[in-house]
Amino acid sequence: MDTLTIRKPDDWHLHFRDGFMLQETVPATSRCFSRAIVMPNLIPPVTTGSLAESYRQRIEAAIPKGSAFTPLMTIYLTDDTSPAIIADASKAGVVAAKLYPAGATTNSASAVHNLDQMQPVFEAMAHHGMLLLIHGEVTDPDIDIFDREKVFIERRLIGIVERNPSLKIVLEHITTAEAAQFVLGASDRVAATVTPQHLLYNRNDLLVGGIRPHNYCLPVLKRNTHQLALREAVAKGTPKIFLGTDSAPHERGKKESACGCAGCYSAWSALELYAQIFEDLGALDYLEGFASEHGPRFYGLELNQEKVKLVRESWHVPTEITLPDQNKIVPFYAGMEVRWKVQEV
């Protein structure tokens, strides 16, 4: 097979950032994705419907002329989020709220410290049909970083799911066999996204031969046994796991520092890399469902009618990208060969 035509996909988890960065990130995503769930962890975070609407307008201003792209907005949960805030956000068209345990990842310091106090908010979300998107890690200092997702599921997620049977929940960017097992065994109101880096790489790709900061993301890459479990899960064509790149740009200097930022910027190659992964798994027939169908069905949205054509064409991901302010980004898979390329939308 030398060509592959699928329904135009959506990205159900990404970071656009803000300001001048939008001139880079929005065109990169809109080249082949029709919609995207936009993360709200800006500085300051997007915590209300009005802030989400303002951010939406800034994103839309950066969409290239002639591109058909729709940002799907989210808000950032804090200890001060109330049912009234949820109601107002729903009226403003916000489709989901993001739960970051405080300190779990980039720009999460002002997020939720006490999950037990969030139950009225979760009930309001279910009432308004708003999805709960979860960064599923505990932040307890005594828990090993490689175990934080597993412990979150055991200590937190099981309870959230049990107490909120009508709330749709997405466990984002899953990284472990335990996460895949939990999602596959949960009700049809629980789903997950998975990134290209967690399907392609394991922690050897972060640490062997020296620390590789551009492969550092949170949740962190895990053992190859977990990578294999994720690959096995998507290769089955399950509708409970769908595309979410977690594409997250950082300037090169902020990645290559004494305390480097977490995140992999994959927007320019993600769809092609997913195609490569599914081909390696002998599961290309399941790519369209994963990329273009399972996500909108879970969110209750119409499927895209446009098509995307990929061709078998060898190319190399750029070693760096120059931002509008002349700073540089090193993209995910920088300098490496990819077998598939988007030819036509």
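Everything numeric in this text was worked out from a predicted model, so none of it was measured. By convention here, the first residue in the shown sequence is residue 1.
- Around the CD atom of E60, the shell of radius 6.0 Å holds more than 12 heavy atoms that belong to other residues, nucleotides or ligands.
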Which donor-acceptor pairs under 3.5 Å do side chains of residues 282-290 form with protein atoms, sequence neighbours excluded?
residue, atom, partner, partner atom, Å
E288, OE2, R7, N, 2.6

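- Cluster membership check: F152 shares its hydrophobic cluster with V194, using side-chain heavy-atom separations under 4.5 Å among Ile, Leu, Val, Met, Phe, Trp and Tyr.
- Looking only at distances, a side-chain donor or acceptor of E272 sits under 3.5 Å from a matching main-chain atom of V342.
- By the neighbour-count criterion of 12 heavy atoms within 6.0 Å, atom CD of E337 is densely surrounded, having more than that number from other residues, nucleotides or ligands.
- Taking the six-membered ring for Trp and thresholds of 30 and 60 degrees, Y76 and Y100 have ring planes inclined between 30 and 60 degrees apart.
- Classification of the F298-F242 ring pair by plane angle, with boundaries at 30° and 60°, yields tilted.
- Heavy-atom contacts from other residues, nucleotides or ligands closer than 6.0 Å to CD1 of I211 number 12 or fewer.
- Shown here is R223, whose CZ atom has no more than 12 heavy atoms of other residues, nucleotides or ligands within 6.0 Å.
- In the displayed structure, Q117 atom CD is contacted under 6.0 Å by at most 12 heavy atoms of other residues, nucleotides or ligands.
- Remark: side-chain polar atoms of W315 are paired, donor with acceptor, to backbone N or O of W340 under 3.5 angstrom.
- As a member of the Ile/Leu/Val/Met/Phe/Trp/Tyr network built from side-chain separations under 4.5 Å, V330 groups with nothing else and remains a singleton.
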If you apply the rule ring-ring contact (aromatic ring centres under 6.0 Å, His included), what do you find for Y201 with F332, and how did you get there? CA-CA 11 Å; Y201 285 165; F332 179 67; 5.4 Å; yes

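- At least one donor-acceptor pair under 3.5 Å links the side chain of S187 to the backbone N or O of R189.
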Validation: residues 125-135 side-chain donor-acceptor distances under 3.5 Å, sequence neighbours left out:
residue, atom, partner, partner atom, Å
H135, ND1, H173, NE2, 3.3
H135, NE2, E137, OE1, 2.7

